[in-house]
Amino acid sequence: LKEMGDSSTLREEGNNHFKAGDVQQALSCYTKALKISDCQSESAVLYRNRAACYLKLEDHTKAEADATKALDVDQGDVKARFRRAQALQKLGRLDQAFTDAQKCAQLEPKNKAFQDLLRQLGAQIQQKLSSTDSRVQQMFKLLLDSSAPISDRQKAAQNLVVLSREDAGAEQIFRNDGVKLLQNLLDSQQEDLILSALRTLVGLCTGHQSRTMAIVNEVGMDRLCGVMGSAASTVSLSACHLIQVMFEALTEGMKKEIRGKDEAILPEPSRELRSMLRHLIDMLPASSVSGAGRDSAINLLVKQVPRKSLKNPDNSLTLWVIDQGLKKILEVAGTVPEVKGGPLLTDNTPMSCSVLLNKLYDDLKSDKERENFNKLCEEYVQYHFGSSDMESKLRAIQTVSVLLQGPSDVGNRTLELSGIMDAVISLCAAENITHQQVAVEALIHAAGKAKRASFITANGVALLKDLYKKSENDRIRVRALVGLCKLGSAGGTDFSMKQFAEGSTLKLAKQCRKWLCNEALPLTSRRWAIEGLAYLTLDADVKEDLVEDKKALQAMFELAKSEDKTVLYAVGSTLVNCTNSYDVEKPDPQMVELAKYAKQHVPEEHPKDARSFVEKRVVKLLEAGVVSALVCMVKQESPALTEACRECIARVILALVERQEDRGLVVAQGGGKALLPLVSESTDRGKIKAAQALAKITITSNPEIAFPGERVYEVVRPLVSLLALDCTMLQNFEALMALTNLAGISERLRLKIIKEKAVPKIEGYMFEEHDMVRAAATECMCNLALSTEVQKCYLATDSDRLKLLVLYSGEDDERLRKAASGTLAMLTGEMPELCTRIPDTTSHWLEIFQALLLGESQDLRHRGAVIVMNLMQADKSLAEKLMESEALEILSVLAKGDDPKQASIQKAAQRCLDLATEYGLIRSNEDGVNGKTM
């Protein structure tokens, strides 16, 4: 009640200042009142009043924010709504201002101020619409005039794109029958006009469900899919982007901004969604569709069909796509490009099919659903393999290859169908190059599991060696080489488990590097060379040779940036191996001894996998330009950039920022920004690795430089995610350090940390047994306590937060004492009412503060002096207790001297003595010596 009374008094003072025209003083009173108000309705009034101050001071952004806070408490607060309408009008957000003014007028129809504002806004909106309307009409006229110069028509089309990104412009284009004009542009044969039409449609559809539904029905998916199936890659990609935007608008509805006022009465868009998906499925096997268009259709299905979260129980869309389109997907998957008559493919298509099939399979919930998926795949493979036609048999084997790269369990089941494996082995020796290539690739993918690898080692190694040595075709030789590499790496990083003779893996790796650097070879063959290195770099000798070969590294990085997206995972895996960023569990020494005694196999680490070797390899990778390659890989828009691939990239970046001296270079080349998408789109483990890398960068770099603009706010959530029990103590510690750095930058960042519900987690770590973690959590709380939201937590009387800070100020750990006493110094200065509660926290409070005043560290002495000063300023009875203790003598000593380094301590100590004199607790002698009054 006391706080309530104080805030009411301050509010009245503020009101009086405002009436007198002293707006700055009124603003100060309202702000102080908000800091101590713990009553929601009282705070709402204060926010409303402060909004009036900001309006007078022409700070319209803050006025809108405060009025919104008041409305969050009471939607019927007409004064707050009117002030928000005024602020929105000045900010140019006329539609929203009009809505607020309209509600005000409805609540108080006779209020002249509301009616005047409503008329003003109506006139401004009409003027803006008229101006926009004339611009739209002018552009339409130019675009429809076939005799107009092409340069003028192109300029008009580009202006239309810009206009469509504004609310008013998009609405005018839509209402002026612009969709029909855009259809005409789509049907033109001019690429520039088609691109402009697609980009304008993106503007019309973005975040607007009703317009999107109308456009889907009017333009038609047949036309849009036809454009996406175009051979022109830029047109195909733009059409893909448009359809993606349409999906988002239909599934997410309109955005919070007032863009579609009739949304509530619209029917559910499920019919349009199913129609769009059906058209995409029908595109897959169509012979008229380009390879790029087919990849775009697959990419859209990957993004739109599976559930975004497994918490959502509804996987009906996946079941529908499997029922309607699985055979069509398998038709594309089984296409052998060298065999005429099939749909056009790009180098990325098979991998994209694997990703789509894997996503669909992973989205299934029950054994029954998975069994149905298996059955459909087996029936398709059996149907084609059972044909006497060799092309059909090849289609069956190619389908098995794609399944092995995607849902491998399904692939293994199809591989075990009668006769498939025998056919693969026999076709490896075929004279036809295409037959050999399909069979060898199937053999490589089949060697994925240890069981299968041992079977192929026994039956296929001799065959692969023969192909590698004797084949005259490099396409076959490189694939045979990868098969040997994969089999040769079956022992993983275990130095004692090598499949081949000493030196064989080094020879294979040397040949892989040679092919990788050979620009005369096709991209696919060079990609297979990287596949080989991805397996062979499990051997530390191969890692060392690769990082020494700068030409090979740069060739690999160039391929990572190329149009061949299928290389991404192989590059990621190779770099994970070279940086040793894979997870290795160190065996228990006692268990190792026990295993040796029992004559069981014990894994051995290669000597060149020691930390010193790894650090040197990281330096060489950085010198070769690995960061720019990783940044390009993250930006790739392709199904081949799977969550597993993103995890690899996150692991590598984490390894690159392990050493503090390398972090600046990684940030300068864009590595910090590249981590942001990885913390949201990766495997669970990949997200943690990316978040930890962000933490390391945030600890040692200026976050505002490493993550400029709004990006710095995106860093908060991943850091908070590291404050979890399933993360390591190191990850907890680094997250706390990084959050401490962010919390010291600005109030907005502190509020973002609070909004992410980090405060209770940080408080939990303040009780951690580990000294460094406990100190880091207290330091983080120290910076967060600059926020009024956190300060209010310490005002609550039902917790021991204040007691903990006092006790920690007396701990032996200097870092913890600094953090706790720093927090106390700040809190007691900002909230004097806390001071009177300190003696109730512990009977040792005087000894603790005296120990701070006597601390060896200048920082501790300064904190102690400030705390004592705050206590004395807040309450005379506290000052009496302090002056009756040894604190008086200590303060007298601290106040003397002329050391400039001690100036802040001397000043605080002298202020304490001055206060004691003012209270009449001590007297000042002429010689400057203080004494107690009798």
Side-chain angles (χ1 to χ4, degrees), residues 581-586 647 650-651 653-660 663 672 675-676 678-680 682-701 703 706-707 712-745 749-750 752-787 790 793 799-801 804-805 807-808 811-820 822-823:
S581 47
Y582 42 73
D583 292 328
V584 179
E585 287 190 20
K586 296 280 184 183
E647 181 187 326
R651 285 177 178 276
I653 297 178
L654 177 57
L656 296 178
V657 297
E658 186 64 38
R659 295 195 322 155
Q660 188 174 326
R663 291 172 195 171
L675 285 166
L676 293 173
L678 298 177
V679 293
S680 57
S682 183
T683 61
D684 289 342
R685 191 163 289 186
K687 289 174 186 175
I688 290 172
K689 299 291 182 186
Q692 190 179 1
L694 280 176
K696 287 180 184 290
I697 290 170
T698 308
I699 290 167
T700 53
S701 306
F707 311 103
V712 72
Y713 301 98
E714 296 176 43
V715 177
V716 175
R717 183 173 293 176
L719 293 180
V720 174
S721 72
L722 292 177
L723 302 180
L725 293 173
D726 54 352
C727 291
T728 65
M729 193 70 77
L730 175 63
Q731 288 165 346
N732 298 156
F733 173 71
E734 289 177 335
L736 290 166
M737 293 277 285
L739 288 168
T740 302
N741 207 355
L742 290 176
I745 292 173
L749 268 169
R750 287 189 285 275
K752 175 68 175 170
I753 294 168
I754 295 163
K755 187 180 177 183
E756 293 297 334
K757 300 177 181 175
V759 174
K761 294 179 180 179
I762 294 164
E763 286 183 324
Y765 284 103
M766 287 174 71
F767 291 94
E768 179 59 53
E769 288 183 12
H770 195 289
D771 289 345
M772 291 179 70
V773 174
R774 185 173 53 189
T778 310
E779 286 171 345
C780 190
M781 188 56 68
C782 181
N783 281 357
L784 283 173
L786 292 166
S787 173
V790 174
C793 295
S799 77
D800 289 330
R801 291 187 179 96
L804 186 68
L805 290 177
L807 292 173
Y808 278 0
E811 285 284 315
D812 293 333
D813 181 0
E814 186 176 326
R815 184 177 172 186
L816 180 62
R817 287 179 78 195
K818 281 183 183 178
T823 311

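Please read all numbers here as calculations on a predicted model, not as lab measurements. FYI, side chains are in, hydrogens and waters are out, and symmetry mates aren't considered; it's all heavy atoms of this structure.
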Separation between CG (Leu816) and CD (Glu811), nearest 0.5 Å, reads 6.0 Å
OG1 of Thr778 to NZ of Lys818, rounded to nearest 0.5 Å, is 14.0 Å
Any heavy-atom pair between the side chains of [Y] and [X] that's under 4.5 Å?
X	Y	value
Lys757	Val720	no
Leu654	Ser581	no
Arg750	Ile745	no
Arg685	Arg651	yes
Leu736	Ile762	yes
Glu714	Phe707	no
Val716	Lys755	no
Thr740	Ile699	no

### Message
Can you confirm if the NZ or CZ of Arg774 lies within 45° of the ring axis of Tyr808 and under 6.0 Å from the centre of its six-membered ring?
### Response
yes
Where [X] and [Y] come nearest, the two heavy atoms and their spacing:
X	Y	answer
Ala706	Ser701	CB-CB, 4.3 Å
Ile754	Ser787	CD1-OG, 3.6 Å
Ala691	Val679	N-CG1, 3.7 Å

Item to complete: Test side chain to side chain contact (heavy atoms under 4.5 Å, CB included) on Ile697 and Leu675 and set out the steps.
Response: CA-CA 10 Å; Ile697 290 170; Leu675 285 166; 3.8 Å; yes
query: Do NZ/NE/NH1/NH2 and the carboxylate oxygens of Arg801 and Glu763 come within less than 4.0 Å?
result: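 Salt bridge between Arg801 and Glu763, a charged N being under 4.0 Å from a carboxylate O: yes.
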Q) So Thr683 and Glu647, side chain to side chain donor-acceptor pair (under 3.5 Å) or not? Walk me through it. A) CA-CA 6 Å; Thr683 61; Glu647 181 187 326; 2.6 Å; yes
(Q) Keeping Asp813 on the side-chain end and Ala775 on the backbone end, is there a donor-acceptor pair under 3.5 Å? (A) no
Neighbour count above 12 (heavy atom, 6.0 Å) for Arg815 CZ
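It does: Arg815 CZ has more than 12 such atoms within range.
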query: Would you say Arg659 has more than 12 foreign heavy atoms packed within less than 6.0 Å of its CZ?
result: yes
Practice problem: Could you check Ser721 against Ile688 for side chain to side chain contact (heavy atoms under 4.5 Å, CB included), going step by step and ending with a plain yes or no? | Solution: CA-CA 8 Å; Ser721 72; Ile688 290 172; 5.9 Å; no
